[in-house]
Amino acid sequence: MSTPTLDNEAVRKAYRRWAPVYDHTFGRVAAVGRRRAVSYINTREGRVLEVGVGTGLSLPAYKPHLKVVGLDISPEMLAKAQTRARRLDHVLGLAQMDAAGLGFADGAFDTVVAMYVMTVVPDPVAVMRELARVCAPGGEVILVNHFSQEHGLRGWVEHKMAPLAETLGWHPVFETERVMVCPELALQEQTPMWPMGLFSMLRFNKRPERPAAQG
Ligand SMILES: C[S@@+](CC[C@H](N)C(=O)[O-])C[C@H]1O[C@@H](n2cnc3c(N)ncnc32)[C@H](O)[C@@H]1O
């Protein structure tokens, strides 16, 4: 059975529908992972890029010592994030942007986080490469995401749901291997989370650049 592919237009369309109800539906289901990732990021310093910031549910939770930039491809989701960020001095800016083509310099951020985004984007490999590129050497890339199972009841349900990807706006079948594509990112942590390990937090360290070989 072939899995439908999402393109950016299908994603925008899906999130145009989700935006008015997101905070009270999936936004709530996703709260545990979001809290966990943000409380970890709050122990860090410097510039944070949140990719696929959605309605900005995470934004008030970042500590004020951080400098946070958010982006999203959906104007309707982003409009809600902009309202939420109005009085948050630690949010430097929010932009409409495609995660597969980030308009930031290499190494521009100390922490790059994408929560519940990788299963949504049409080209996860391109997005992973962009997350790695804009992360500073020695910095961290953090994912919170649904990763599917091959077997068991959950695996069976996920495979049954696979054809609904376009309507749902995300891929129920999405293996961890699909984000393990950047050799410069070393996996530090992989923590299954509530409910029943449906979501996991993955933390990668971007290897410091090797000094150029002496001639
Ligand atoms: C499930 S929501 C997650 C929102 C938020 N991170 C949260 O924790 O609630 C997925 C978000 O990713 C955004 N998105 C999907 N594809 C994207 C892309 N290519 N570039 C940027 N954002 C994208 C969607 O518009 C949506 O807001």
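Values below: all heavy atoms of this structure, side chains included; hydrogens, waters and symmetry mates excluded. Atoms within a ligand are numbered from 1 in the order they appear, just like the ligands themselves. Small disclaimer: the values here were computed from a predicted structure and weren't measured.
Looking at ligand 1, you won't find any N or O of Leu71 less than 3.5 Å from one of its N or O atoms. In terms of polar-atom proximity, defined here as any N/O pair under 3.5 Å, Ala99 does make such a contact with ligand 1. Considering backbone and side-chain N/O of Asp72, one or more are found under 3.5 Å from N/O of ligand 1. Between Gly52 and ligand 1, at least one pair of N/O atoms sits closer than 3.5 Å. Remark: ligand 1 and Met115 share an N or O pair separated by less than 3.5 Å (distance only, no angle test).
Hydrophobic clustering keeps Val32 apart from Phe199 (ILVMFWY residues linked when any side-chain heavy atoms are closer than 4.5 Å, directly or through intermediates). If you chain together hydrophobic residues whose side chains sit under 4.5 Å apart, Ile142 and Trp194 never meet in one group.
If you number the atoms of ligand 1 from 1 as listed, the ones under 4.0 Å from a heavy atom of Arg34 come out as 7 (C), 8 (O), 9 (O). Within ligand 1, the atoms closer than 4.0 Å to a non-hydrogen atom of Val121 are 16 (N), 17 (C), 18 (C), 19 (N), numbered from 1 in the order shown. Those atoms of ligand 1 with a heavy atom of Val11 less than 4.0 angstrom away are 15 (C), 16 (N). Numbered from 1 in the order shown, with element, the atoms of ligand 1 that lie under 4.0 Å from a heavy atom of Ser74 read 25 (O). For ligand 1, the atoms sitting less than 4.0 Å from at least one non-hydrogen atom of Asp98 are 18 (C), 19 (N), 20 (N), numbered in the order shown with element in parentheses.
At least one donor-acceptor pair under 3.5 Å links the side chain of Lys206 to the backbone N or O of Ala132. Panel note: side chain His171, backbone Val121; no donor-acceptor pair is recorded below 3.5 Å.
Side-chain N/O atoms of Tyr40 and Glu140 include a donor and acceptor closer than 3.5 Å.
A distance of 9.5 Å separates CZ in Phe147 from CD in Glu177, rounded to the nearest 0.5 Å. Taking CD1 of Ile73 as the start and CZ of Arg12 as the end, the distance is 4.5 Å to the nearest 0.5 Å. Expressed to the nearest 0.5 Å, how far CZ of Phe204 lies from CG of Leu185 amounts to 6.0 Å. Atom CG of Leu92 is separated from atom CG of Leu49 by 11.0 Å, given to the nearest 0.5 angstrom.
The shortest contact between atom 10 (C) of ligand 1 and any protein heavy atom is with Tyr116 O, 3.4 Å. Looking from atom 23 (C) of ligand 1 to the surrounding protein, the closest heavy atom is Ile73 CG2, 3.5 Å.
Relative to atom 4 (C) of ligand 1, the option among Tyr22, Tyr15, Phe26 with the closest non-hydrogen atom is Tyr22.
Just one of Arg84, Arg28, Arg34 meets the salt bridge (Lys or Arg N to Asp or Glu O under 4.0 Å) condition when paired with Asp23; it is Arg84.
The backbone of Val53, and not its side chain, has at least one atom closer than 4.0 Å to an atom of ligand 1 (non-hydrogen atoms only; backbone = N, CA, C, O).
Heavy-atom separations between Met97 and ligand 1 include at least one value shorter than 4.0 Å.
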